[in-house]
Amino acid sequence: MKTVLITGASSGIGEGLAKSFAEDGWHVIACGRDAARLEALHQHSPNVTIRLFDMTDRDACRQALAGIGADLVILCAGTCEYLDRGVVDAALVERVMTTNFLGPVNCLAALQPQMRAGSRVALVSSMAHWLPFPRAEAYGASKAALSWFAQSLRLDWEPKGIAVTVVSPGFVDTPLTRKNDFAMPGRVSVEQAVAAIRRGLERGKNHIAFPGGFGLIVRLLSALPAFLQRALLRRMVRS
Ligand SMILES: NC(=O)c1ccc[n+]([C@@H]2O[C@H](COP(=O)([O-])OP(=O)(O)OC[C@H]3O[C@@H](n4cnc5c(N)ncnc54)[C@H](OP(=O)(O)O)[C@@H]3O)[C@@H](O)[C@H]2O)c1
């Protein structure tokens, strides 16, 4: 039986991935902080075992993940908070950077002694850092940092036989986006997100981005000259 370790398995994309892998007969190590939601996942399938820890706590990560080996590690847990009208809230930025960047780094550090050749790590980033969207200073920076880290790590772990995948979703309908009060073009369901991620992982892709249409638009916008890009993004600034 193959083993997949998934952080953020108590909600949204991570929960969808955990159910999907468990239904396909994988042993799923489901990680998060919400005991009740993770217990429900275990009730859903006996293939699911649970690890409860806050990934921003390095010691807690080390203790919870000590000795755990997995064929596939999906670091999906994350958060999103936006700045309000350009007010730089240092505590907010720290929360987002700590959760989205240092959290996965803590998990990688705890898991690396057990990672074997032939295994793969997937880090869930976002398209949010492909363009400098207003209000996404903290979220975009955290995902840019995570993606950069992953791309360097891919080179350093290649000789060990460990593959690194970056996952860049557009908008997915989860509790994280349900609190957004703006239009979310191209938003897909968790089921669609899970299918896209699993397809990409099965193909051994270094980079998985979905949905394709929205991703193409963001990519094209990011290739525009800076003055044009700024003119378009300025329309999204709240007065
Ligand atoms: N939804 C989207 O449109 C979208 C788009 C691009 C990228 N993403 C990325 O996809 C990932 C999953 O997002 P989602 O939409 O599925 O969000 P979600 O439904 O809010 O789930 C977030 C998950 O992260 C876990 N988590 C958060 N902080 C944690 C911490 N300190 N320690 C341990 N676990 C923690 C939560 O677990 P507990 O509640 O149990 O702590 C929860 O399981 C995130 O990295 C997000 O940035 C999402």
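Counting from 1, the numbers follow the sequence of the chain as shown. None of the values given here were measured: they were computed from a predicted structure. All ligand and atom numbering here is 1-based and tracks the order in the structure.
Below 3.5 Å of separation, one finds no N or O of N100 facing any N or O of ligand 1. For the pair G78 and ligand 1, the shortest N or O to N or O distance falls below 3.5 Å. Polar contact with ligand 1: absent for G32 (N/O pair, distance under 3.5 Å). By the 3.5 Å distance cut-off applied to N or O atoms, D54 is counted among the residues near ligand 1. When only interatomic distances are considered, the shortest N/O to N/O separation between T56 and ligand 1 does not fall below 3.5 Å. Considering backbone and side-chain atoms alike, G8 places an N or O below 3.5 Å from some N or O of ligand 1.
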Can you give me every donor-acceptor pair (side chain of residues 58-71, partner residue at least two apart or in another chain, under 3.5 Å) with its distance?
unit_1, atom_1, unit_2, atom_2, d
D59, OD1, R62, NH1, 3.0
D71, OD2, T3, N, 2.7

For residues 199-214, which side-chain N or O atoms pair as donor and acceptor with protein atoms under 3.5 Å away, sequence neighbours left out?
unit_1, atom_1, unit_2, atom_2, d
H207, NE2, S168, OG, 2.8

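If you look at V172 next to ligand 1, the close heavy atoms, those under 4.0 Å, come from the backbone and the side chain alike. Residue contacts with ligand 1 for L176 involve both N, CA, C or O and side-chain atoms from C-beta outward (heavy atoms, distance under 4.0 Å). Contacts of Y139 with ligand 1, taken as heavy-atom pairs under 4.0 Å, involve the side chain alone.
Here the protein heavy atom with the shortest distance to atom 44 (C) of ligand 1 is C76 O, 3.2 Å.
Between the choices S10, S11, G14, the shortest heavy-atom distance to atom 36 (C) of ligand 1 belongs to S10. Distances from atom 14 (P) of ligand 1 to the heavy atoms of T79, T174, L75 put T174 nearest. Between atom 7 (C) of ligand 1 and the options G12, C31, S125, the minimum heavy-atom separation is to S125.
Listed by number with element, the atoms of ligand 1 under 4.0 angstrom from any heavy atom of P169 are 5 (C), 6 (C), 7 (C). Close approach to T177 involves these atoms of ligand 1, each under 4.0 Å from a residue heavy atom: 1 (N), 2 (C), 3 (O). Taking a cut-off of under 4.0 Å to the non-hydrogen atoms of I13, the atoms of ligand 1 that pass are 10 (O), 16 (O), 48 (C).
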